[in-house]
Amino acid sequence: MNQLGINHLLYLLVAAEWTVVLSLIAFAGGSVLGLAIALMRVSKSGAVRALASGYIQLIQGTPLLIVLFLSYFGLGIVGLKLVPLVAAGISLTLYAGAFLGEIWRGCIEAVPKTQWEASDCLGLNRAQQYAYVILPQAVKIAIPPTVGFMVQIVKNTSLASVIGFVELARAGQIVNNSTFEPFVIFSCVAAIYFALCYPLSVASRTLERRANAGR
Amino acid sequence: MSYKFDFAFMADRWPDFVAGAWLTIQLTVLSIALGFALGTVCALARVYGGPVVRRLVGAYVEAIRNTPLLIQIFIVYFGLSSLGLKLSADVSAVIALTVNMGAYSTEIMRAGIQSIQRTQLEAADCLGLTRLQTILHVVLLPAMERVYPALSSQFVLLMLASSITSQISVEELTATANLVQSDTYRSFEVYVVVAVVYLALSALYRFAFWLIGLGLFERKRRLGTPL
């Protein structure tokens, strides 16, 4: 049995880098997907709206862990190698896309209707309305809840440990297997997650307070 | 793509899935009830308690909401047993899920309680209600009615998150899937089946919470309008 030492802590910190990398991948992928989903949810066509809301219901009604297993084993079916990082990236993107899509739909709908009417009167087409009038205002409303949701993403990257991707949670298990001091190790792991998430939580709250300062 | 989907394993393994889903329901109903009770008490303490109590509850909420459930489960199951407190996997799962649920319901209920105006409390005082009656009828029930949509979606999220307890060998739905897939090598199909079961469970929970809400909030039932 190994003694728990400074090297183990360093190992956890290095693994935490992968947690950050995976979070960034999930956030980047989820943003692209989420924007598409949000725009689909406010589309004029009923079929497009139904498609997007079906997708959201599907993802929000199944555990992320199952989505993770499905993309991990699904990769094998389409003949690709089972790379944990890819499977984890895909499933976290699908997950973040659904939630961000729903958050951002709310933000787009929160832009007053008069803004649509005014830009209509100015003869802007729908793409121009989104680009110059609606989205810039929606983004302002969207920042606090989006930062808050990033906390969920960081925490949920811990599930990637289940398919063997070595990030912070998996590193904690590995260190535990060699030193067998689970209470200390998982407390350290929790502390590192806290250090990553708490600033985001505080930022989200501060931004929200500032955004509502006028009211 | 030459892959052939094969769901034949369902013919003799379906009782396993039913048993797994049943354990998921038992675990989550228990944790939701206990966690909500814990959260309500903490929310009351957070709003009406002294400064020390408020700080303590705040620290609890922040600690839980900023760390992953997986790690919380590991700390309860592996961590506490290494400190000499040996708990079975099922008990550890209920404890971890309850503590987690408690933190989220504290935040949600706090918002509800803070939305109850002071005048309501003064009116209750004038009517001669006891402290307990005021808290129950004037504060908690209307507060719960206001935040009920947020509460019930958090309850459904907890049910989905309970899949993580499969990692400490709780034999619930996800663990059943892991077992069946390692017996049959039909990984993708097994997880498709389980995903469908979880979707059905989410729908069932949503329906159940809607019914409970209908039974609980008399005013809303009669008027049909949100508070």
Side-chain angles (χ1 to χ4, degrees), chain A residues 19 57-79 82 99 148 151-152 154-162 167-170 172-173 176-177 180-202 205, chain B residues 1-5 24 61-85 153 156-157 159-167 173-175 177-178 181 185-203 205-206:
Chain A
T19 290
Q57 304 248 315
L58 190 70
I59 296 292
Q60 296 194 345
T62 43
L64 177 58
L65 198 56
I66 299 296
V67 178
L68 203 59
F69 283 135
L70 279 174
S71 37
Y72 185 61
F73 293 113
L75 279 182
I77 287 182
V78 296
L82 302 180
F99 280 86
V151 176
Q152 304 294 328
V154 174
K155 288 194 296 179
N156 279 321
T157 58
S158 67
L159 295 186
S161 64
V162 172
E167 38 63 75
L168 185 48
R170 183 92 196 106
Q173 288 173 298
N176 180 40
N177 287 342
F180 207 71
E181 294 213 40
F183 191 80
V184 183
I185 291 156
F186 290 124
S187 298
C188 289
V189 170
I192 300 176
Y193 274 113
F194 187 84
L196 290 173
C197 294
Y198 188 61
L200 290 173
S201 296
V202 172
R205 267 201 299 268
Chain B
M1 218 166 77
S2 57
Y3 189 84
K4 276 214 177 63
F5 289 92
T24 291
V61 170
E62 292 299 339
I64 296 297
R65 298 209 322 158
N66 288 297
T67 51
L69 177 60
L70 180 69
I71 303 299
Q72 292 160 11
I73 290 174
F74 283 167
I75 289 182
V76 173
Y77 185 59
F78 299 120
L80 291 188
S81 81
S82 79
L83 296 184
L85 185 61
S153 41
V156 173
L157 284 179
M159 187 275 289
L160 296 176
S162 76
S163 64
I164 300 175
T165 62
S166 61
Q167 294 308 303
L173 190 51
T174 304
N178 294 343
Q181 74 96 9
Y185 299 105
R186 288 283 155 198
S187 331
F188 194 74
E189 289 91 331
V190 169
Y191 291 113
V192 167
V193 169
V194 168
V196 172
V197 178
Y198 272 113
L199 276 174
L201 280 179
S202 315
Y205 274 52
R206 265 180 239 283

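Proteins come first, then strands; the chains are lettered A, B, ... in the order of their sequence lines, and each starts at number 1. This structure is a prediction, so every number in the text was calculated from the model and none was measured.
With a 4.5 angstrom heavy-atom cutoff, B/V192 touches chain A via backbone and side-chain atoms both. Only the side chain of B/S166 comes within less than 4.5 Å of a heavy atom of chain A; its backbone N, CA, C and O stay farther away. Using a 4.5 Å cut-off between heavy atoms, B/Q72 makes no contact with chain A at all. Within the 4.5 angstrom heavy-atom criterion, only side-chain atoms of B/L83, from C-beta onward, approach chain A. Only the side chain of A/Q152 has a heavy atom closer than 4.5 Å to any heavy atom of chain B. Using a 4.5 Å cut-off between heavy atoms, B/Q167 touches chain A through its side chain atoms alone. For A/L58, the parts sitting under 4.5 Å from any heavy atom of chain B are the backbone and the side chain alike. At a 4.5 Å heavy-atom cutoff, the contact between A/Q173 and chain B is made by side-chain atoms alone. Heavy atoms closer than 4.5 Å to chain A are found nowhere in B/A161, neither backbone nor side chain. A/S161 touches chain B through its side chain: at least one heavy atom from C-beta onward sits under 4.5 Å away, while N, CA, C and O do not. Heavy atoms of B/S202 lying under 4.5 Å from chain A belong exclusively to its side chain.
Taking CG from B/L157 and CG from A/L64, the interatomic distance works out to 11.5 Å, rounded to the nearest 0.5 Å. Taking CD from B/E189 and CG from A/L70, the interatomic distance works out to 10.5 Å, rounded to the nearest 0.5 Å. For the atom pair OG of B/S81 and CZ of A/F183, the computed distance is 11.0 Å after rounding to the nearest 0.5 Å. The structure places CD1 of B/I71 at 6.5 Å from CG of A/L168, a figure rounded to the nearest 0.5 Å. Of the inter-residue distances, the one linking A/F180 atom CZ with B/F78 atom CZ reads 8.0 Å to the nearest 0.5 angstrom. Note that OG of A/S158 and CD1 of B/I73 are 9.5 Å apart. Values are rounded to the nearest 0.5 Å.
Judged by distance alone, the side chain of A/K155 and the main-chain N or O of B/R65 form a donor-acceptor pair under 3.5 Å.
Closest heavy-atom contact between A/F194 and B/A63: CE1-CA, 3.9 Å. Closest heavy-atom contact between A/L65 and B/S163: CD2-O, 3.4 Å.
Between chain B and the options A/V162, A/I192, A/V184, the largest number of non-hydrogen pairs under 4.5 Å is found for A/V162. Ranked by heavy-atom pairs shorter than 4.5 Å toward chain B, the options A/A191, A/P182, A/S201 are led by A/P182. Chain A forms more heavy-atom pairs under 4.5 Å with one residue of B/A200, B/G79, B/S162 than with any other, namely B/G79.
Between A/F69 and B/N178 there is a side-chain heavy-atom pair separated by less than 4.5 Å. Side-chain atoms of B/F74 and A/I185, non-hydrogen and from C-beta on, never get closer than 4.5 Å to each other. In this structure, the side chains of B/I164 and A/L159 come closer than 4.5 Å at one or more pairs of heavy atoms. At least one side-chain heavy atom of A/I66 sits less than 4.5 Å from a side-chain heavy atom of B/Y198.
Classified by interplanar angle (parallel below 30°, tilted 30° to 60°, perpendicular above 60°), the ring pair A/F73/B/Y191 is parallel.
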